Amino acid sequence: MALKTKNPKEVKQAAIQQITEDLKSASSLIFTEYRGMTVAQITDLRKQLRKNNCTFKVVRNNFTRIACEQLQLDSVKDFLVGPVAIAFVKDEANEAAKTIFEFAENAPALVVKCALVEGEFYDAQKIEAFSKLPGKKQLISMFMSTINATTAKFVRTLQAIVDKGEQKAE
């Protein structure tokens, strides 16, 4: 779908270009409906998402549809209905999704429609399940604590053998 007018205004072209750049620069995208949320709630959500290196923008559906067509993101076009805001995630989509779903518990007007996580399409149920998984940093810390525990146990075992050998020598 291209612009239907013969001479689109420069402002509209600039807005489409900005959305296209935002879509390109994000590693993941979370599409939400914000109907019924207050400005204060949206501002609060933006502040919380900024902590996860994520921006939350209200977008015009037609402009976003055109940008998605340019980038061949056809899977999300059906979800560009009604008031749509997109979370543009730069780092971990898991943390941003957790933030959005935790926020939605107190603001039921916020509805997650779908997501593109590193190029893979997630429907609302799949992104909710994804948000409940531990994040990358949590998984690394769990892995490191497991390695640390195993190494510590090995060292204690070696020390016990050394101590036992010293007792026999005396």
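Keep in mind the model is a prediction, meaning the values are calculated, not measured.
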Find out whether [X] and [Y] are in side-chain contact, i.e. whether some heavy atom of one side chain is under 4.5 Å from a heavy atom of the other.
X    : Y    : answer
L116 : V76  : yes
I16  : Q70  : yes
S131 : I100 : no
N52  : V89  : no
F79  : V84  : no
E128 : V112 : no
Q41  : F103 : yes

Kindly say whether [Y] contributes a backbone atom to a donor-acceptor pair with the side chain of [X] at under 3.5 angstrom?
X    : Y    : answer
K113 : V81  : yes
K98  : L133 : yes
T32  : A85  : yes
S28  : E118 : yes

Same cluster (ILVMFWY, side-chain, under 4.5 Å), [X] and [Y]:
X    : Y    : result
M37  : V111 : no
F31  : V58  : no
L80  : F88  : yes
L110 : V59  : no
F63  : L73  : yes

Just list the side-chain donor-acceptor pairs under 3.5 Å for residues 42-49, sequence neighbours left out, or say none.
unit_1 : atom_1 : unit_2 : atom_2 : d
T43    : OG1    : V39    : O      : 2.8
D44    : OD2    : Q48    : NE2    : 3.3
R46    : NE     : F56    : O      : 2.8

- Message: I need the minimum non-hydrogen distance between A124 and F101, along with the two atoms involved.
- Response: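 Heavy atoms only, the tightest pair is O-CZ, 4.2 Å.
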Measure the spacing between [atom1] of [X] and [atom2] of [Y] and express it to the nearest 0.5 Å.
X    : Y    : atom1 : atom2 : result
L23  : T64  : CG    : OG1   : 7.0 Å
E95  : N53  : CD    : CG    : 12.0 Å
E92  : S27  : CD    : OG    : 9.5 Å
D163 : R156 : CG    : CZ    : 13.0 Å
Y34  : I86  : OH    : CD1   : 11.0 Å

- Evaluate the criterion salt bridge (Lys or Arg N to Asp or Glu O under 4.0 Å) for residue pair D123 and K126; output intermediate values, then yes/no. CA-CA 5 Å; D123 62 4; K126 192 171 180 180; over 6 Å; no
- Any luck finding a side-chain donor-acceptor pair between Q17 and Q13 under 3.5 Å?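 On atom types as modelled, these side chains do not qualify, holding no pair under 3.5 Å.
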